[in-house]
Amino acid sequence: MTTTRRTLLLAGAALPLAGAAVAQQRTVTLGYQLPLTGEFSQYGERFRNSAIMALDAFNRSGRIPAQVNIVFEDTRSDPREAVAVARKFVDNRDIVAVLGDFSSSAAIQAGRVYAEAGMPQLSQTASHPDYVKISPWQFRNITTQAYEGPHVARWMAANGVKRVAVVSIQNDWGQSVVSNFADAFKATGGEVVATQMYNPGNREFRAVLTDIARQRPDAIYIGMFYEDGAAFLQQRRQLNIRAPVYGTSSMYEPKLIELAGPGAEGMYLSTSFMAESPEAHVKAYVEEYKRRFNSEPNMFSAQAFDAVNIMLEAIARAWPDVTRQRVRDELARTKDFPGVTGATTFDPETREPAKTLARMRIQDGKFTLIQN
Amino acid sequence: MFDRFDIFFVQQLVNGFSVGLVYALVAIGFTLIFGVLNVVNFAHGEIYMIGAYAGLMALIFLAPPWVALLLIVLAAGIVAGVLLERAAFKPFRRFRDEASLKSKAMRESTLLSSLAVSIIVREATEKIFGADMRPIPRAYANALQEPILIGELAVASGQLVILGAAIVMFLTLQFILFRTQIGLSIRAVAANPLGAQYVGVNVDRTVIATFAIGSGMGAVAGILIGLYQGTIFPAMGFAPGVKAFVAMVMGGLNSIPGAVICAIFLGVSEAVATEFFAQGWADLVAYLFLVLTLIFFPTGLFGAGRERV
């Protein structure tokens, strides 16, 4: 009710100005909801850095005769705050599309608001299967566990692993890590001998490690972020557990090795972005990021960079008819977008992205690409 | 079920004991301050975090020997504790009349003001250092993280250090409380603040001394545990703070030995619970014990009939 009235009032107020507005330079506005404070703020910081880089390059290029700007709103990646920000973005008629949120839980809650209001939403990281099922308005630029889990399961089977213990964070994403991997691994004839979920915020893994060590697994598969992962790997070394560890792509972060030290040695993981890649556009991105923000980009920064570029590309294609509906339709047409996380195609129906995954191992304190 | 009682179970007890010691290190300072003020100091977890960051900065810029490191952290903790007292607790002691001193509202205000300070300090640390975990210079991290194998059991060197630190802190505190002048005034204020004031104890000075001692110990706990866990980040004080709070309540709110025993009990039962349930449920164990204690022993397991502090 309030929304409708406010919209009418705005429309009424805008009418007499419409003629004048055409003469002025147009601007296109995007919303970006992300965690800028709280536990996950380091991720939000990376998203914003990458977004600013992509935006500057786009505005400099003059692809469309208008300036694009992004409104950043902090949600702490908390589902409740995500909903509040989503309502705010929906009410702002200038905003034609939204990027974010970070966690699947926050992105899904906000997604319900966007689905109802008809606002295209592109998350750089929400990888829970349910996220894109909310409505045709949801997109993501991350391969999901439905894609990565079977990939790792086949990899392990090829390395002769028969018995696996799985440890994963207890949230929507963590559950999808466990279920997708377990199904695929059983299909290869292997056995999941132990599954442990831990509460977010827990960094004490000795009890979990001791429990899974009893089952004498050939390998451990961990679904977590690099900080939890670093604690896990250090404590595994302290307990002298020798089973090799395979990690989700979320652990690809140079700081993992810095934090875990000798504990990280020998870990396997897959990724869609590699900072040491020899490809020219990846090199250019990595160098500019380092120069401007004085830190190393990781997979999260790269995914955000590509997500913003895919969004800008969709806006350029929709120009001059930049409406929420048109931007959604153009996003759904994304095909072979040459991003820093590999060529990306969105399935027009499921809106799931397809990318290539590379395999890595940590050796001598470095992420090393494994040649297939 | 009995096939569970193998070497891994013993390892689990060792794990649990060391987790319990971590809770105990935090609970000691927490309980000391509660005993004197009869109010929860919600910023104790942040003092613990400040200790870890102060120690980390010292490691990076000065690379001091271990003794010097502990002294630097102790000093940082004392300064932080005194500042905390000045900012969050002192303003509410302006009114010296009996009604105000006994007023619940006054006590509850300090509860909120300490919570406010804790949020401000944590967010400020996030702004300055970032919310992510800080890498620790390898030489120091390795010293507390080396595995020591005893047969099939593994303990980390840091676990032994923390055991030592817990014993030293506990004994030092008992010495201060029962063998020194300031300890006598702390016990007097804890027993009866008005009475202590009437017989000439300087209540203000005693409260500040309590904060200095409790916070110094909290800060040392922060750097030791941070190095041993390898996890130093702005929100690091929250989880052990909550468990230390549970241990304090179970122990009877103002009994330091009670809090230490309950902390170790909590750690061991969490580790053993992981044997039977998912880790996610282990946290429930702590709260289950808290509820059971409050129902069956409203004054805590070690609270009734004991002298405070």
Side-chain angles (χ1 to χ4, degrees), chain A residues 35-46 76 167-171 174 194-216 225-228 230-231 233-241 253-263 295 365, chain B residues 3-4 6-12 14-16 18-19 22 122-123 126-127 130-136 138 141-142 144-149 152-159 228-236 238-240 267 270-276 278-284:
Chain A
L36 290 172
T37 60
E39 201 188 337
F40 300 113
S41 59
Q42 74 269 32
Y43 297 101
E45 208 63 52
R46 289 179 174 283
R76 308 175 67 96
V167 181
S168 176
I169 187 166
Q170 176 71 276
N171 61 18
T195 306
Q196 278 278 3
M197 310 288 284
Y198 66 92
N199 277 351
N202 173 65
R203 299 253 159 92
E204 169 62 50
F205 293 104
R206 289 181 186 81
V208 167
L209 277 160
T210 306
D211 189 53
I212 60 176
R214 172 185 284 124
Q215 309 298 334
R216 312 228 176 251
F225 291 96
Y226 75 90
E227 293 178 308
D228 295 356
L233 291 166
Q234 291 179 53
Q235 292 166 19
R236 177 188 71 123
R237 180 170 163 273
Q238 289 175 21
L239 286 169
N240 201 34
I241 294 171
E253 155 68 55
K255 272 185 81 179
L256 173 76
I257 298 174
E258 235 180 294
L259 288 167
S295 72
Chain B
D3 60 335
R4 291 261 177 200
D6 49 12
I7 189 75
F8 293 102
F9 191 83
V10 182
Q11 176 72 55
Q12 211 60 288
V14 173
N15 297 338
S18 74
V19 174
V22 168
R122 190 167 63 235
E123 294 289 337
E126 265 173 24
K127 275 278 163 259
D132 44 353
M133 261 162 56
R134 310 288 305 177
I136 298 161
R138 263 297 128 208
N142 287 349
L144 288 190
Q145 294 180 6
E146 261 327 294
I148 298 173
L149 302 178
E152 271 194 79
L153 293 179
V155 294
S157 44
Q159 288 172 331
Y228 149 70
Q229 303 271 37
T231 53
I232 294 181
F233 57 105
M236 67 184 281
F238 181 74
E270 278 181 23
V272 172
T274 315
E275 287 282 291
F276 302 101
Q279 190 277 337
W281 292 93
D283 277 346
L284 201 70

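So that the names make sense, note that chain A is the first sequence line, chain B the second, and so on, each numbered from 1.
- Interface summary for chain B: among A:Arg237, A:Gln238, A:Gln42, the most heavy-atom pairs under 4.5 angstrom belong to A:Gln238.
- Salt-bridge annotation for A:Glu258 and B:Arg134: absent, with no side-chain N of the basic residue lying under 4.0 Å from a carboxylate O of the acidic one.
- Using a 4.5 Å cut-off between heavy atoms, A:Leu256 makes no contact with chain B at all.
- Nearest heavy-atom pair across A:Gly38 and B:Ala131 is O-CB, 3.4 Å.
- The heavy-atom pair separating A:Ala260 from B:Arg138 by the smallest distance is C-NH2, 3.5 Å.
- Comparing A:Val167, A:Thr195, A:Leu239 by how many heavy-atom pairs each has under 4.5 Å with chain B, the most go to A:Leu239.
- Checked against side chain to side chain donor-acceptor pair (under 3.5 Å), A:Glu39 has no partners two or more places apart in sequence or in another chain.
- Of the two parts of B:Gln12, the backbone and the side chain both hold a non-hydrogen atom closer than 4.5 Å to a non-hydrogen atom of chain A.
- Of the atoms belonging to A:Tyr226, it is side-chain heavy atoms, and not backbone ones, that fall under 4.5 Å from chain B.
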May I have the step-by-step check of side chain to side chain contact (heavy atoms under 4.5 Å, CB included) for B:Asp132 and A:Lys255, ending in yes or no?
CA-CA 10 Å; B:Asp132 44 353; A:Lys255 272 185 81 179; 2.9 Å; yes
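- A pairwise comparison of heavy atoms in A:Arg203 and B:Gln229 identifies O-OE1, 4.3 Å as the closest pair.
- For the set B:Pro147, B:Ser18, B:Ala154, B:Ala156, the count of heavy-atom pairs under 4.5 angstrom toward chain A peaks at B:Pro147.
- The contact between B:Gln159 and chain A is made entirely by side chain atoms (from C-beta outward), counting heavy-atom distances below 4.5 Å.
- For A:Ala213, the side chain to side chain contact (heavy atoms under 4.5 Å, CB included) criterion is met by A:Ile241, B:Phe8, not counting sequence neighbours.
- Taken from CD in B:Gln11 to CG in A:Asp211, the straight-line distance is 12.0 Å, to the nearest 0.5 Å.
- Using a 4.5 Å cut-off between heavy atoms, A:Glu45 makes no contact with chain B at all.
- Of the charged side-chain nitrogens involved, at least one lies within less than 4.0 Å of a carboxylate oxygen, so that B:Glu123 and A:Arg76 count as a salt-bridged pair.
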Side chain to side chain contact (heavy atoms under 4.5 Å, CB included), that's the test. Do B:Thr274 and A:Gln196 meet it? Break it down for me.
CA-CA 9 Å; B:Thr274 315; A:Gln196 278 278 3; 3.9 Å; yes
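- Here the CD atom belonging to B:Gln145 is positioned 4.0 Å from the CD atom belonging to A:Gln234, to the nearest 0.5 angstrom.
- Both the backbone and the side chain of B:Ala271 come within contact range of chain A, judged by heavy atoms closer than 4.5 Å.
- For the atom pair OG1 (B:Thr231) and CG (A:Leu259), the distance works out to 9.5 Å, reported to the nearest 0.5 Å.
- In this structure, B:Asn15 CG and A:Thr210 OG1 are separated by 4.0 Å, a value rounded to the nearest 0.5 Å.
- For the pair A:Asn240 and B:Leu149, the tightest heavy-atom approach, listed with the atom from each and the gap, is ND2-CD1, 3.3 Å.
- With a 4.5 Å cut-off on non-hydrogen atoms, B:Phe238 does not touch chain A at all.
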